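For reference, the structure discussed in these notes is given below.
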Amino acid sequence: MPELPEVNTFQRYFDETSLKQKIVIVKVQDDKIIRNVSGDEFIDLLTGRTFTGSYRRGKYLFGILDNGHHLLLHFGMTGDLVYYSEVEDQPRHERFAFHFENGYILGFDCPRKFARISYIENLENYIEEKKLGEDAQRITEDYFLEKMKSKKGSIKGFLLNQSILAGMGNLYADEVCYQTRIHPESVSNKIPKKKKQELFQKMQEILQYAIDRSVNYKDYPENYLFQWRVDGTIAPDKKSKVESATIAGRTTYFSKGWQKKYT
DNA sequence: TGTGATGTTGAATG
DNA sequence: GCATTCAACATCAC
């Protein structure tokens with residue numbers, strides 16, 4: 001269930017379990033999610049290798065290999081990592097797995113197969129090709145304001161655009177809009193500067209809050225919109241009702257009475 | 001039984 | 001070139 005904070009949690013998990021051990025066996029149960037090489041090539045490329053570190057940018061997690069290459073783990077909607085040693089702990093929808101020297105296994109679970117795995121020889125080139133923006137937590141306020149100036153689409157679409165800033169997903173974008181009282185359909189370059197700054201600050205705050213606690217959406221405080229993503233419920237501000245609409249192609253929850261639309 | 005779900009991408013359209 | 005919309009990807013849960 002990964003947006004930036006969740007992928008950050010995956011990174012921690014990956015770092016704690018899978019670094020500095022040789023991969024002795026690679027198993028591929030379903031190579032559909034492996035994008036740029038075949039299942040057999042994947043096995044050849046990774047057998048005998050060791051992960052020395054990781055790098056996360058938005059929702060993209062790159063495992064750093066001991067030959068300087070990278071393995072991209074993108075979790076899609078339902079990707080998950082499971083480190084286990086007993087066969088019965090193997091996740092139900094494991095698509096591939098690394099067996100380490102110590103007998104433990106890192107399995108990549110993914111029911112919906114929306115994940116994307118790529119073997120990358122040159123990370124800079126890959127990021128360039130994909131036009132992957134800088135991580136949402138590493139951009140500056142100036143950059144954020146500057147980018148918004150020229151954008152005529154909805155603020156929701158802006159926040160979701162991974163080539164401008166990487167890491168915001170559907171739920172977090174709604175949350176940031178809600179907390180800054182900006183209607184998600186607002187036109188990006190029509191939002192007053194002060195509100196834009198607020199948007200930037202809130203985004204940082206919400207992401208950091210989630211990262212600090214490795215939280216799930218459900219663990220958020222009640223005044224967050226997260227657990228109120230139901231039409232017609234009373235919004236956390238207690239006065240307005242939550243409604244939904246499709247904005248920027250995604251189901252978006254907001255509260256008309258609470259959030260102002262700048263057009 | 002039908003519907004929609006945390007994400008990305010490519011095609012089609014304006 | 002840009003922005004937007006839609007369908008597709010595959011499975012599960014309600």
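Everything numeric in this text was worked out from a predicted model, so none of it was measured. Within every chain, numbering begins at 1; the chains are lettered A, B, ... in the order of the sequence lines, protein sequences first and strands thereafter.
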Does B:dA5 have its OP1 or OP2 closer than 4.0 Å to a side-chain nitrogen or oxygen of A:Arg112?
no
Once you apply the 3.5 Å cut-off to both distances, tell me the Watson-Crick or G-U wobble partner of B:dT6, or none.
none
Under 4.0 Å between a side-chain nitrogen and a carboxylate oxygen: does that hold for A:Asp109 and A:Arg95?
no
Mind checking if A:Thr246 touches a base, just sugar-phosphate, or nothing, with heavy atoms under 4.0 Å?
nothing
note: A:Tyr172, atom OH; B:dT6, atom C1'; distance rounded to Å ~ 10 Å
Taking atom P in both C:dA10 and B:dT1, compute the distance separating them and give it to the nearest angstrom.
22 Å
Using whole Å, report how far OH of A:Tyr126 lies from C1' of B:dT8.
10 Å
With rounding to the closest Å, how many angstrom separate the P atoms on C:dC14 and B:dT6?
15 Å
Looking only at the side chains, is there a donor atom on one of A:Tyr253 and A:Glu175 sitting less than 3.5 Å from an acceptor on the other?
no
Would you mind reading off the distance between A:Ile33 atom CD1 and B:dT9 atom P, rounded to a whole angstrom?
15 Å
Could you give the CD-to-C1' distance, from A:Glu3 to B:dT6, as a whole number of Å?
5 Å
When you measure from the side chain of A:Asp135 to the backbone N and O of A:Arg57, does any donor-acceptor pair fall under 3.5 Å?
no
Length of the CG-P vector between A:Leu159 and B:dT6, whole Å:
15 Å
Please give the nucleotide sitting opposite C:dA10 as a Watson-Crick or G-U wobble pair, both distances under 3.5 Å, or none.
none
For A:Arg92 and A:Ser150, find the nucleotide of DNA chain C closest to each by heavy atoms; which residue's nucleotide sits nearer the 5' end?
A:Ser150
Whole-Å gap separating P (B:dA5) and CG (A:Asn170)
8 Å
Carefully, step by step, assess A:Phe98 and A:Phe108 under the rule ring-ring contact (aromatic ring centres under 6.0 Å, His included).
CA-CA 9 Å; A:Phe98 300 129; A:Phe108 192 97; 9.3 Å; no
In whole angstroms, the gap separating C1' of B:dT6 from CG of A:Leu4 amounts to 13 Å
In whole Å, what is the span from the CZ atom of A:Arg250 to the C1' atom of B:dT8?
9 Å
Heavy-atom side-chain contact between A:Asn189 and A:Lys152 under 4.5 Å:
yes
Got A:Phe158 and A:Lys147 here, is their nearest side-chain heavy-atom distance under 4.5 Å?
yes
For B:dT8 and A:Lys130 - does any side-chain N or O of the residue sit under 4.0 Å from the phosphate oxygens OP1/OP2?
no
Below the 4.0 Å mark, does B:dA5 have OP1 or OP2 next to a side-chain nitrogen or oxygen of A:Thr251?
yes
Would you grab the first and last nucleotide of DNA chain C (5' to 3') that comes under 4.0 Å of any non-hydrogen atom in chain A?
C:dA3 to C:dC12
Is A:Arg49 reaching over with its side chain to a backbone N or O of A:Leu65, donor-acceptor style, under 3.5 angstrom?
no
